[in-house]
Number of protein chains: 2
Amino acid sequence: MRRRLERNGVFDQMNIIVDAFGGDHAPQAVIQGAAMAVQQLGVEITLVGDEQIIRKTAEEQGTSLEQIRILHTDEVFEMHEEPTSILKAHKNCSMAVGLRALRDDQGDAFVSAGSTGALVVGATFLAKRSPGIKRAALAPLLPTAKGVSMLIDCGANADCRPEMLVQFALMGSAYMKNVMGVENPAVGLVNIGSEDTKGRELEIETYHRLQEAPVNFRGNLEAREIPGGEYDVIVTDGFTGNVILKLYEGMGSFFAHKLKDVFSGVSGKLSAALVLPRIKAFKKQMDYSEVGGAVLMGIAKPVIKAHGSSDARAFYNAIRQAKACVDEKMIVTLTASVAALQAMEEKKIERA
Amino acid sequence: MRRRLERNGVFDQMNIIVDAFGGDHAPQAVIQGAAMAVQQLGVEITLVGDEQIIRKTAEEQGTSLEQIRILHTDEVFEMHEEPTSILKAHKNCSMAVGLRALRDDQGDAFVSAGSTGALVVGATFLAKRSPGIKRAALAPLLPTAKGVSMLIDCGANADCRPEMLVQFALMGSAYMKNVMGVENPAVGLVNIGSEDTKGRELEIETYHRLQEAPVNFRGNLEAREIPGGEYDVIVTDGFTGNVILKLYEGMGSFFAHKLKDVFSGVSGKLSAALVLPRIKAFKKQMDYSEVGGAVLMGIAKPVIKAHGSSDARAFYNAIRQAKACVDEKMIVTLTASVAALQAMEEKKIERA
């Protein structure tokens with residue numbers, strides 16, 4: 001906690017920097033979620049964005065800005081812009097300003113519901129990667145029958161090499177262990193069969209490297225096993241992971257829609273009334289806004305990508321998730337396990 | 001129909017060759033499904049496999065073998081064998097014997113629930129590809145909100161080049177048009193965003209080629225759109241397609257299981273009774289055994305891969321699907337559109 005006290009004395013608590021102008025419901029939902037986090041989690045928040053709009057919105061919707069600092073910038077990163085433009089043309093957007101504040105130790109973690117591509121580029125080049133990390137990876141938590149599983153990568157890297165996938169396994173394990181409290185997280189490699197000869201060159205080579213990596217590797221997993229929740233960390237390239245994430249979401253809303261059809265009309269409503277607690281429990285289990293956001297793993301400090309459609313509750317949960325990453329020293333564990341892997345590999349090279 | 005009359009006079013109807021020893025419930029379910037097809041579809045069937053066992057099983061379960069010919073071989077392709085061994089070590093297995101019979105014009109189509117890998121290798125090298133086709137592709141039909149969509153490829157080719165994906169689009173369109181009666185099948189390319197700059201090199205190059213191909217290309221599709229059924233043909237490489245298929249199946253059974261939980265106990269049963277017809281209709285809509293099997297597209301004659309867990313009804317439906325491919329001259333359309341594409345490409349080269 002020493003570092004925090006060294007700041008100019010205004011903040012002696014954990015401070016989470018939040019992009020006030022990312023997402024479909026910004027800034028209203030962001031401000032509300034931030035206020036909820038201040039009240040319920042005891043953190044302080046730095047909202048990044050147009051100060052006048054933030055103050056006016058807060059007043060209009062009656063949200064208290066107590067324990068909330070505002071870092072002013074009047075530029076917003078628009079969704080249609082090229083992700084790399086965050087580094088030059090749009091370097092003063094709220095996302096970029098927030099990421100630089102994170103790098104400059106003005107906060108402990110960063111949350112944004114803005115452009116995923118810009119966040120990956122911005123976090124990598126403005127806030128920097130953890131030591132030894134080759135590529136940042138986007139890792140959402142999928143709701144499953146047993147809780148949640150981390151899918152890594154889900155879109156930061158469309159093309160991957162085996163050594164990147166091995167690091168994804170390490171990063172996912174560090175998160176599931178430290179933040180989610182899973183004892184010995186089970187790691188699976190997404191593949192089209194269980195044998196080690198299955199898949200593309202990427203999977204075959206990654207399989208053998210994962211067998212020697214300091215993770216609890218349980219072999220190949222087929223996508224049909226994901227909802228069952230047997231694997232805590234689901235490793236794949238960003239293209240495949242993105243397809244999995246989107247199909248997971250798509251199937252979820254498809255079934256929710258179908259369920260609504262089943263329970264429509266008079267007989268449907270009567271029927272639903274009889275099993276209402278179960279339907280509610282199931283909906284809550286599969287609800288993304290309860291889970292938080294996707295973690296951008298591999299950055300020197302925790303960065304959370306909240307869903308674009310986040311409401312206040314989803315922002316609150318993303319901030320809660322950011323706080324847990326800081327509390328549980330996720331980055332420290334991650335850095336240690338990456339160093340352990342490197343040491344192992346150097347030893348192998350020496351031996352050879 | 002001339003060709004059929006030229007045979008030795010025993011068969012003057014359509015004849016479907018069926019591997020009697022493929023799948024978890026062989027040969028019982030295969031024999032039953034074949035008998036159902038004879039009765040209801042007016043086709044003749046050639047069952048390939050051990051004649052003594054087939055006759056004994058039919059007698060035991062009281063299934064008529066009328067209009068069913070038996071092509072004897074006592075070898076079976078075991079699921080753990082290397083797919084390529086169908087060409088040499090296991091060239092006398094029921095699947096290989098059936099595929100050679102198909103090639104030698106002893107039947108009009110082939111159905112098997114045996115090893116997918118062996119079927120792809122066997123069909124390609126024993127029954128041969130259609131003229132101009134680079135690679136055979138496995139194409140299941142996914143149940144959607146609007147009917148079914150064809151996913152192509154779902155596992156025959158883990159690594160693909162753009163020209164292969166363009167042919168997949170042509171093959172899928174030929175099937176959806178001729179066999180499913182879709183006027184102008186909408187083709188989508190699986191990708192991680194809608195813009196033509198998204199994805200890997202494979203998707204970017206394929207996107208531009210599909211724009212010029214003789215198909216109704218509607219651009220990139222994100223996996224979340226699949227259940228909605230807006231695209232009739234879903235084009236992707238065999239690795240991604242296999243992941244999609246398995247996740248689709250896995251999510252389907254996950255939700256079916258959850259629905260069962262919701263409707264358990266006394267209040268659950270009462271609740272279910274109120275909406276039973278809707279639950280049944282939904283289950284039927286999402287039921288793979290109603291849809292038939294996956295089509296192995298690109299082979300000179302229709303080849304259907306039935307699901308490994310097929311019961312008699314699923315075999316019947318796979319045979320019905322094989323018959324529809326023959327009836328609607330799917331291969332003729334496919335060959336014509338491949339030729340049209342080739343002509344277009346040659347013209348382009350001439351102009352250049």
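Order of the sequence lines sets the chain letters (A, B, ...), proteins ahead of strands, with each chain counted from 1. Keep in mind that what you see is a predicted model, and the values were worked out from it rather than measured.
Remark: B/His90 pairs with B/Phe77 by the ring-ring contact (aromatic ring centres under 6.0 Å, His included) rule, at least two apart or across chains. Residues passing the ring-ring contact (aromatic ring centres under 6.0 Å, His included) test with B/Phe239: none are found, sequence neighbours excluded.
A distance of 15.0 Å separates OH of B/Tyr248 from OH of A/Tyr248, quoted to the nearest 0.5 Å. Atom OG1 in A/Thr240 sits 11.0 Å away from atom CG in B/Asn242 (nearest 0.5 Å).
Heavy-atom pairs under 4.5 Å with chain B peak, among A/Gly265, A/Ala145, A/Gly117, at A/Ala145.
For a residue to count as touching a neighbouring chain, one of its non-hydrogen atoms must lie under 4.5 Å from one of that chain's; by this rule A/Glu195 does not touch chain B. Both the backbone and the side chain of B/Ser264 come within contact range of chain A, judged by heavy atoms closer than 4.5 Å.
Annotation for B/Ser271 and A/Phe263: closest pair OG-CE2, 4.3 Å, computed over non-hydrogen atoms. Taking every heavy atom of both residues into account, A/Ile244 and B/Leu247 meet most closely at O-CD2, 3.6 Å. Nearest heavy-atom pair across A/Arg200 and B/Asp159 is CG-OD1, 3.8 Å.
Residue-environment remark: NZ (B/Lys246) exceeds the threshold of 12 foreign heavy atoms within 6.0 Å.
Contact residues of residues 223-236 of chain B toward chain A are B/Ala223, B/Arg224, B/Ile226, B/Pro227 (heavy-atom distance under 4.5 Å).
Sorted pairs that involve residues 79-90 of chain B and meet salt bridge (charged side-chain N to carboxylate O under 4.0 Å, His left out), not counting sequence neighbours, are lacking altogether.
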